[in-house]
There are 2 protein chains.
Amino acid sequence: MGRPREFDLDEALDRALDVFWRHGYEGATIPHLTKAMGINRPSLYAAFGSKEQLFRNVIHRYRAGPVAYAAEALKEPTARAVTERLFAGFMCGLTNRKNPRGCLLVHGALASGDESASIRQELAAIREELVNAIRDRFKQAVKDGDLPTGTDYAALARY
Amino acid sequence: MGRPREFDLDEALDRALDVFWRHGYEGATIPHLTKAMGINRPSLYAAFGSKEQLFRNVIHRYRAGPVAYAAEALKEPTARAVTERLFAGFMCGLTNRKNPRGCLLVHGALASGDESASIRQELAAIREELVNAIRDRFKQAVKDGDLPTGTDYAALARY
DNA sequence: AAAGTTGTGTACTGAAGAGTACAATACTCG
DNA sequence: CGAGTATTGTACTCTTCAGTACACAACTTT
């Protein structure tokens with residue numbers, strides 16, 4: 001009940017994603033975001049709480065959308081297929097002209113002020129999490145005999 | 001004549017370099033810089049003009065200092081020696097614990113707001129310039145018979 | 001030693017940032 | 001159809017940013 005929201009949450013998130021992706025966390029200002037999202041400032045705060053929480057929502061949508069291939073790739077049956085699919089995903093995503101350049105998780109808060117310290121840590125944790133997922137997948141591949149015994153799966157994953 | 005400056009310009013630039021390297025152009029605030037440089041705000045402006053000009057000075061010092069190996073490497077007699085020295089320089093610089101992480105020229109203004117648009121372009125130009133220098137060196141190597149005829153020196157340099 | 005010149009420190013300015021108060025509005029449920 | 005609730009738009013607040021005015025201090029030259 002109450003007055004219905006006049007914009008679509010997911011669509012607004014997509015617009016916000018584009019802005020954050022292009023300018024990073026600190027580089028994206030609230031006026032910039034509201035303009036791209038087509039809403040007013042209080043609507044943004046009512047719907048998402050804060051710039052930081054909006055960014056977390058955007059990250060979630062980013063992982064479920066543009067980089068969803070990463071989670072999918074890990075389900076491939078062989079280490080080679082996993083790697084091939086990851087690389088193909090990287091290449092398609094990074095060279096697609098429709099996307100802003102680079103990876104939001106990498107340069108979203110790479111070199112910035114104290115304001116985004118917690119965001120920076122969170123992004124680093126997500127990246128670490130991905131490396132760990134690949135590592136575990138490669139570890140399993142060694143156990144399966146898919147990769148040679150003695151393979152340094154941790155180093156391979158990080159590479 | 002006049003009152004002598006109470007701080008050393010080069011030392012102050014080194015301190016500023018550290019701050020910019022760590023936080024990027026926008027992430028480094030004037031209070032942050034003045035504190036690290038051990039000077040007051042008007043001294044900074046009297047000596048360097050503006051944050052942007054200070055950053056340009058810092059870039060100059062960066063290229064003459066931490067990444068001076070890049071220009072040196074190009075003087076090596078063979079393409080292989082050039083490449084080896086470049087790689088050795090990258091590795092030493094990027095893994096040295098005394099340095100902030102990454103390369104100032106790369107993430108100094110990677111994802112940021114409109115404020116640093118001109119800085120971003122300038123850094124991109126510097127990076128392009130370096131690639132072109134390597135390309136020209138490789139082109140010369142092909143002419144010398146040091147690299148095989150038909151080598152795509154431009155692609156090799158960018159890689 | 002006095003005049004001239006340049007650096008220093010305190011305290012300001014105007015702009016832009018994130019976040020919010022409040023009245024008006026538009027919907028649902030009883 | 002009226003009461004209650006959630007969203008919207010305008011207009012604010014507080015903080016921090018880059019840059020500066022101005023009086024004072026320290027040095028050189030005449």
Side-chain angles (χ1 to χ4, degrees), chain A residues 1-13 15-17 19-20 22-59 108-109 111-120 122, chain B residues 1-13 15-20 22-59 108-109 111-122:
Chain A
M1 59 181 91
R3 179 171 177 173
R5 186 173 284 122
E6 294 185 1
F7 62 97
D8 183 67
L9 280 180
D10 286 340
E11 193 177 333
L13 276 179
R15 306 283 188 86
L17 168 58
V19 175
F20 277 126
R22 238 171 258 281
H23 299 102
Y25 177 68
E26 284 191 351
T29 68
I30 299 290
H32 209 149
L33 288 163
T34 53
K35 191 175 179 186
M37 296 163 87
I39 63 178
N40 283 98
R41 197 180 285 242
S43 298
L44 187 157
Y45 282 94
F48 303 103
S50 69
K51 184 181 179 183
E52 191 167 327
Q53 284 184 37
L54 170 61
F55 187 71
R56 290 181 208 283
N57 277 286
V58 162
I59 291 293
S112 35
D114 302 336
E115 178 196 330
S116 48
S118 73
I119 292 289
R120 189 160 54 245
E122 187 161 332
Chain B
M1 60 182 90
R3 179 171 175 173
R5 187 173 282 122
E6 292 186 1
F7 62 96
D8 183 68
L9 279 180
D10 285 340
E11 193 177 333
L13 275 179
R15 306 283 188 87
L17 167 58
D18 188 80
V19 175
F20 277 125
R22 241 171 255 282
H23 299 100
Y25 177 69
E26 283 191 352
T29 68
I30 299 290
H32 209 147
L33 287 163
T34 52
K35 192 174 177 185
M37 296 162 87
I39 63 178
N40 283 98
R41 196 180 283 241
S43 298
L44 187 157
Y45 282 93
F48 302 102
S50 68
K51 184 182 179 183
E52 192 167 326
Q53 284 185 36
L54 170 62
F55 188 71
R56 290 181 207 282
N57 277 285
V58 161
I59 291 293
S112 34
D114 302 334
E115 178 196 332
S116 47
S118 73
I119 292 291
R120 189 161 54 245
Q121 288 178 4
E122 185 160 334

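All values below were derived from every heavy atom in this structure, side-chain atoms included, with hydrogens, water molecules and symmetry-related copies excluded. Chain letters run A, B, ... following the sequence lines, proteins first and then strands; every chain starts at 1.
To the nearest 0.5 angstrom, His32(A) atom NE2 is 11.5 Å from Ile30(A) atom CD1. Taken from OG in Ser112(A) to NE2 in His23(B), the straight-line distance is 8.0 Å, to the nearest 0.5 Å. Note that OG1 of Thr29(A) and NZ of Lys35(A) are 10.0 Å apart. Values are rounded to the nearest 0.5 Å. Here the CG atom belonging to Asn57(A) is positioned 11.5 Å from the CG atom belonging to Leu17(A), to the nearest 0.5 angstrom. Atoms CD1 and CD1, on Ile59(A) and Ile119(A) in that order, are 7.5 Å from each other to the nearest 0.5 Å.
Mapping Arg41(A) and Ala46(A) onto DNA chain D by nearest heavy atom places Ala46(A) at the nucleotide closer to the 5' end. Where Glu52(A) and Phe7(B) meet DNA chain C, the nucleotide closest to each residue was compared, and Phe7(B) sits on the side nearer the 5' end.
Take Gln121(B) and apply the side chain to side chain contact (heavy atoms under 4.5 Å, CB included) test, not counting sequence neighbours, and it matches no residue. Partners of Arg22(B) according to the side chain to side chain contact (heavy atoms under 4.5 Å, CB included) rule, which considers only residues two or more places apart in sequence or in another chain, are Asp18(B), Pro100(B).
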Let me check something: any side-chain donor-acceptor pairs from residues 37-51 of chain A under 3.5 Å, sequence neighbours excluded? List them with distances.
| residue | atom | partner | partner atom | Å |
| --- | --- | --- | --- | --- |
| Ser50(A) | OG | Glu52(A) | N | 3.4 |
| Ser50(A) | OG | Gln53(A) | N | 3.1 |
| Lys51(A) | NZ | Tyr25(A) | O | 3.0 |
| Lys51(A) | NZ | Ala28(A) | O | 2.7 |

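Chain B approaches DNA chain C within less than 4.0 angstrom (heavy atoms of the protein), and the contacting nucleotides run 5' to 3' from dT5(C) to dT10(C).
For Arg5(A) against dA6(D), a side-chain-to-base donor-acceptor contact under 3.5 Å is absent.
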Which atoms of nucleotides 23-30 of chain D (N or O only) lie under 3.5 Å from a protein N or O atom, and what are those distances?
| residue | atom | partner | partner atom | Å |
| --- | --- | --- | --- | --- |
| dA25(D) | N3 | Arg3(B) | NH1 | 3.3 |
| dA26(D) | O4' | Arg3(B) | NE | 3.4 |

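Between the side chains of Glu26(B) and Ser116(B), at least one donor N or O sits under 3.5 Å from an acceptor N or O.
Distance CD (Glu115(A)) to P (dC17(D)): 10 Å, rounded to an integer number of Å. Taking atom NE2 of residue His23(B) and atom C1' of nucleotide dC17(D), one finds them 16 Å apart after rounding to whole Å.
Scanning both residues, Val19(A) and Ala36(A), for their nearest heavy atoms gives CG2-CB, 3.5 Å.
Residues from residues 24-39 of chain A lying near DNA chain D, meaning a heavy-atom separation below 4.0 Å, are absent.
Counting heavy atoms from C-beta outward, Asp8(B) and Leu13(B) have side chains that stay 4.5 Å or more apart.
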